[in-house]
Amino acid sequence: MITFIETEFLKLKRSKIFFITILGALFVPFMLSMGIAYQLWQSPDYVFYFKDGFEVMKQFLFVLFGVEVFAIVSAYLFGREYSERTLKSILTTPISKIKYLCGKFLMFFIWTILLVLISYFGLILFGEVIGIKGLTFGIFSETITSYLYNGVLLFLTMTPFAFFAIWIKSLVPSMIAGGVVTVGSMMIYGRELTPLFPWTGSFVLANGEISQYAYSETTTFGIILAVFIIGFVLSYVYLYKTDTPL
């Protein structure tokens, strides 16, 4: 499995998509920092704190922007072997289809968490440059833990996008699905059904907002886990039952 992950990283070194996703991860903290910098320029006495910045960015990252970026990542990771016609070569090596799928999802998880960390530390970097205040070890440990928890839960909801990439063998459907989910999240977040929609439910669950709704943590986590299992099982069944393309 370690060799498989190393191979995936070697593939990324020759691809522009990894660099593009890094730019995508830095987009949210950069734009947020530019907005704060403008406020600081307009009002020299204005003080903005890192804790508030992390809270604002968290909603943009995990409810809106992150879903689309992670959908692109899943589409690339799982659809690339079809578009580049390398799946046949991979499966002729001593690796089963289940190990191949698990390796892909592990790589997807690593990539997802890496992008979350890039966004997080991007805000720290930009914030220090423009003069955001109040970064302490307590704030750092609390917020980075929250970001990682959000990242893990959001990852669990992304397996259906991987299935779309394997099934349709193209980047476009996953990107469209990511856009649809993002719009759905915008419409649903803050309403009664928020905990029942996996991509908003993961956010309110990770941030302790579930008590504001009429549903329990168990219900929301059960929905998220069900989405993960369904996406994984569909991906495996389709990969197992279909012939490997030449």
Side-chain angles (χ1 to χ4, degrees), residues 24-25 28-29 32 48-71 73-74 105-106 108-124 134-164 174 177-234:
V28 176
L32 176 60
F48 194 86
Y49 294 96
F50 270 106
K51 184 174 182 179
D52 298 323
F54 286 129
E55 288 300 317
V56 173
M57 188 176 76
K58 186 162 51 177
Q59 184 171 338
F60 280 102
L61 183 62
F62 294 106
V63 177
L64 302 177
F65 197 71
V67 174
E68 184 66 36
V69 174
F70 297 161
V73 170
S74 68
F105 275 112
L106 179 57
F108 183 25
F109 175 75
I110 294 171
W111 197 341
T112 298
I113 297 302
L114 181 61
L115 293 178
V116 169
L117 291 174
I118 289 173
S119 292
Y120 180 86
F121 285 105
L123 182 59
I124 292 178
L135 182 62
T136 63
F137 179 77
I139 296 297
F140 172 79
S141 60
E142 176 186 345
T143 53
I144 196 170
T145 301
S146 176
Y147 269 65
L148 291 174
Y149 187 28
N150 272 277
V152 171
L153 290 182
L154 185 58
F155 162 77
L156 293 177
T157 67
M158 300 304 293
T159 54
F161 296 93
F163 168 67
F164 287 144
S174 292
V180 171
V181 167
T182 299
V183 173
S185 297
M186 293 172 60
M187 296 175 63
I188 293 175
Y189 182 71
R191 300 179 183 274
E192 183 180 353
L193 296 179
T194 297
L196 302 183
F197 190 61
W199 297 273
T200 53
S202 62
F203 181 79
V204 297
L205 179 61
N207 295 284
E209 299 178 10
I210 199 73
S211 59
Q212 302 175 17
Y213 302 92
Y215 302 95
S216 66
E217 293 184 1
T218 303
T219 300
T220 302
F221 185 75
I223 292 172
I224 294 170
L225 189 60
V227 169
F228 172 78
I229 293 173
I230 290 171
F232 185 90
V233 170
L234 287 175

- Hey, mind stepping through Trp199 and Ser185 against side chain to side chain donor-acceptor pair (under 3.5 Å) and telling me if it holds? CA-CA 7 Å; Trp199 297 273; Ser185 297; over 6 Å; no
Do [X] and [Y] have side chains that get closer than 4.5 Å, going by heavy atoms?
X	Y	result
Val69	Leu61	no
Val152	Ile113	yes
Phe197	Tyr189	no
Phe50	Thr136	no
Phe62	Val116	yes
Leu205	Pro195	no
Met158	Thr112	no
Leu154	Val67	yes

- Query: Is there a donor in the side chain of Lys58 and an acceptor in the side chain of Asn207, or the other way round, less than 3.5 Å apart?
  - Reply: yes
Do other residues, nucleotides or ligands put more than 12 heavy atoms under 6.0 Å from [X] [atom1]?
X	atom1	result
Glu209	CD	yes
Tyr215	OH	yes
Phe60	CZ	no
Glu192	CD	no

- Begin with the C-alpha distance, continue with both residues' side-chain angles, and end with the deciding distance and a verdict on ring pair (Phe, Tyr, Trp, His ring centres under 6.0 Å) for Phe70 and Phe155. CA-CA 8 Å; Phe70 297 161; Phe155 162 77; 9.0 Å; no
- Can Leu115 and Val73 be said to form a side-chain contact (heavy atoms from CB on, under 4.5 Å), step by step? CA-CA 10 Å; Leu115 293 178; Val73 170; 4.0 Å; yes
- Item | Results of ring pair (Phe, Tyr, Trp, His ring centres under 6.0 Å) for Phe232 - residues two or more places apart only | Phe105
- Listed partners of Leu234 passing side-chain contact (heavy atoms from CB on, under 4.5 Å), at least two apart: Phe163, Ile230
- Item | Residue pair Gly178 / Ala71: nearest heavy atoms and the distance that separates them | CA-CB, 4.1 Å
- Closest heavy-atom pair, Ser74 versus Phe108, reported as atoms and distance to 0.1 Å, is CB-CZ, 3.6 Å
- Message: Checking Thr159 against Val233 for the side-chain contact (heavy atoms from CB on, under 4.5 Å) test, could you report, in this order, the C-alpha distance in whole Å, the side-chain angles of both residues, the deciding distance, and whether it holds?
- Response: CA-CA 9 Å; Thr159 54; Val233 170; over 6 Å; no
- Message: If I take atom CG from residue Asp52 and atom CD1 from residue Ile139, how far apart are they, to the nearest 0.5 angstrom?
- Response: 9.0 Å
- CG of Leu196 to CD1 of Ile224: how many Å apart, nearest 0.5 Å? 10.5 Å
- Task: For the residue pair Phe54 and Tyr120, categorise the inter-ring angle as parallel (less than 30°), tilted (30 to 60°) or perpendicular (more than 60°).
- Result: parallel
- Taking the inter-plane angle between the rings of Phe161 and Phe164 on a 0 to 90° scale, is it parallel (under 30°), tilted (30 to 60°) or perpendicular (over 60°)? perpendicular
